[in-house]
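Numbering starts at 1 and runs along the sequence shown.
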Amino acid sequence: MEILVRLPVRSLCKFKSVSKYWRTLISDSYFKMMHLNRGKNDPNSQKLLVSQWFPQDERIFIHCLNLLPSSAAQPVGNVRGLDFPSIYRPCRVYLACCCDGLAVMVINDNIDVRRNRYLLWNPSTGESVPLPDPQFPDCSGILLGLGYDSASGGYKMVSTYLSRDFPGEILAMKSGCSWRYVDKHPRGIFSHNSGTYCLPFVNGAFHWTGMLGDYSMPSISFSVVSFSISNEVYGDIPLPEQLSCFQR
């Protein structure tokens with residue numbers, strides 16, 4: 001096991017066909033967790049996904065490169081092109097969020113350019129799974145996050161909106177893979193992320209900037225909102241005074 005856990009994912013997928021024992025071992029959840037944790041702690045295995053979209057001819061390129069220190073004399077190496085899943089013919093795609101080597105891609109395809117489609121993709125194996133659409137219509141103010149719930153042993157995806165009108169939604173991929181509503185923040189704080197559509201996932205919770213009040217009021221307060229992936233409870237992390245209040 002100590003040898004197998006050091007191998008890349010693509011090699012492990014091939015070795016599953018060696019014997020029934022190896023297939024059972026490599027497919028075991030404990031082995032998968034060992035392999036994942038080793039990769040997280042190995043600086044040589046840290047990867048960066050880069051997507052490029054060329055609207056002139058609707059070409060999309062996705063590359064994977066190592067996150068190693070680089071300099072002008074020694075540029076980043078080991079750049080590898082990835083084949084995008086052939087389930088769609090996208091005219092536009094962007095990377096929404098990542099966790100443990102899995103990526104959620106948001107796709108506009110040539111069938112309906114006004115509709116976003118969501119795809120869970122494992123770049124290491126090339127496997128992909130279409131995800132159901134959130135219950136609310138597509139809008140530019142959606143924030144997405146992907147995280148692992150250690151209590152249930154499965155991945156969950158959360159969406160929240162830059163609007164007071166929509167509650168958040170959560171997608172448990174282990175149990176039915178369907179979206180359901182989550183309660184709004186009890187104090188009426190709503191999302192106010194700027195410049196990013198990805199919800200950071202730290203210590204079992206998603207985080208984003210929240211705002212209490214609106215721009216018609218003389219003062220507005222901000223805080224960092226957390227949302228626990230396991231018990232689905234909101235929390236607030238106060239900001240320094242010079243960052244938490246906006247006075248007109």
Side-chain angles (χ1 to χ4, degrees), residues 9 26-37 39-40 49 85 87-88 93-107 115-187 189-191 193 196-210 224-237:
V9 174
I26 295 172
S27 301
D28 182 74
S29 58
Y30 177 73
F31 177 85
K32 291 180 180 178
M33 189 60 64
M34 284 184 58
H35 188 272
L36 177 63
N37 289 335
K40 286 181 177 181
L49 282 181
I87 187 171
Y88 293 124
V93 61
Y94 72 88
L95 178 63
C97 48
C98 294
C99 180
D100 294 345
L102 302 176
V104 173
M105 313 296 290
V106 181
I107 301 167
R115 177 188 174 191
N116 287 334
R117 301 173 188 271
Y118 301 87
L119 190 73
L120 181 67
W121 179 41
N122 186 333
S124 297
T125 64
E127 297 174 324
S128 61
V129 178
L131 297 175
D133 297 337
Q135 300 188 48
F136 288 114
D138 293 326
C139 61
S140 59
I142 187 172
L143 309 174
L144 298 171
L146 177 67
Y148 179 75
D149 179 10
S150 58
S152 66
Y155 289 89
K156 291 181 180 179
M157 187 173 169
V158 164
S159 70
T160 185
Y161 298 83
L162 299 176
S163 170
R164 298 178 186 276
D165 300 328
F166 300 144
E169 299 178 68
I170 191 166
L171 176 70
M173 299 180 185
K174 190 175 181 179
S175 56
C177 202
S178 60
W179 290 97
R180 57 181 173 82
Y181 298 138
V182 295
D183 294 333
K184 294 182 181 180
H185 193 286
R187 293 202 296 123
I189 295 177
F190 70 99
S191 305
N193 273 30
T196 178
Y197 295 103
C198 175
L199 299 177
F201 183 69
V202 182
N203 294 331
F206 299 99
H207 296 78
W208 63 88
T209 305
V224 174
V225 177
S226 66
F227 182 77
S228 170
I229 193 173
S230 297
N231 54 25
E232 301 179 14
V233 173
Y234 289 97
D236 290 312
I237 303 173

Item to check | Reported CD1-to-CZ distance for the pair Ile170 and Arg180, which is rounded to 0.5 angstrom | outcome: 5.5 Å

Checklist entry - What distance separates Ile26 CD1 from Phe31 CZ, expressed to the nearest 0.5 Å? => result 5.5 Å

Next on the checklist: side chain to side chain contact (heavy atoms under 4.5 Å, CB included), that's the test. Do Val224 and Asp236 meet it? Break it down for me.
Outcome noted: CA-CA 6 Å; Val224 174; Asp236 290 312; over 6 Å; no

Next on the checklist: Working note: Ile229 + Phe206, criterion side chain to side chain contact (heavy atoms under 4.5 Å, CB included); need CA distance, chi angles, decisive distance, verdict.
Outcome noted: CA-CA 7 Å; Ile229 193 173; Phe206 299 99; 4.0 Å; yes

Checklist entry - Does the gap between the ring centers of Phe227 and Tyr234 come in under 6.0 Å? => result yes

Checklist entry - OG of Ser128 to CE of Met105: how many Å apart, nearest 0.5 Å? => result 10.5 Å

Next on the checklist: So for atom CG, which belongs to Asn231, do other residues, nucleotides or ligands contribute more than 12 heavy atoms lying within a distance under 6.0 Å?
Outcome noted: yes

Checklist entry - Are Met173 and Leu131 close enough, and set up right, to give a side chain to side chain contact (heavy atoms under 4.5 Å, CB included), and what steps lead you there? => result CA-CA 9 Å; Met173 299 180 185; Leu131 297 175; 4.2 Å; yes

Checklist entry - Looking only at heavy atoms, which two atoms of Leu146 and Cys99 are closest? And how far apart? => result O-CB, 3.4 Å

Item to check | Flag side-chain contact, heavy atom, 4.5 Å: Glu169 against Thr160 | outcome: no

Item to check | Asp100 and Tyr155, any side-chain heavy atoms less than 4.5 Å apart | outcome: yes

Next on the checklist: Can you tell me how far apart CE (Met157) and OH (Tyr118) are? Round to the nearest 0.5 Å.
Outcome noted: 7.0 Å

Next on the checklist: Any non-hydrogen side-chain atom of Lys156 less than 4.5 Å from a side-chain atom of Phe201?
Outcome noted: no

Item to check | Audit row: Leu144, Leu199, side chain to side chain contact (heavy atoms under 4.5 Å, CB included) steps and yes/no | outcome: CA-CA 6 Å; Leu144 298 171; Leu199 299 177; 5.9 Å; no

Next on the checklist: Taking Leu102's backbone N and O only, do any of them form a donor-acceptor pair with Trp121's side chain (distance below 3.5 Å, no angle check)?
Outcome noted: no

Next on the checklist: Show the nearest heavy-atom pair for residues Lys32 and Ser27, with the distance to one decimal.
Outcome noted: CE-O, 3.4 Å

Checklist entry - Rounded to the nearest 0.5 Å, what separation is found between the SG atom of Cys198 and the CH2 atom of Trp208? => result 12.5 Å

Next on the checklist: Can you give me the closest heavy-atom contact between Ala96 and Val106, atom names plus distance?
Outcome noted: CB-CG2, 3.7 Å

Item to check | For Cys98 against Ala103, the heavy-atom pair lying closest together | outcome: SG-CB, 4.0 Å

Checklist entry - Which distance, rounded to the nearest 0.5 Å, do you find between the CH2 of Trp179 and the OG of Ser159? => result 4.0 Å

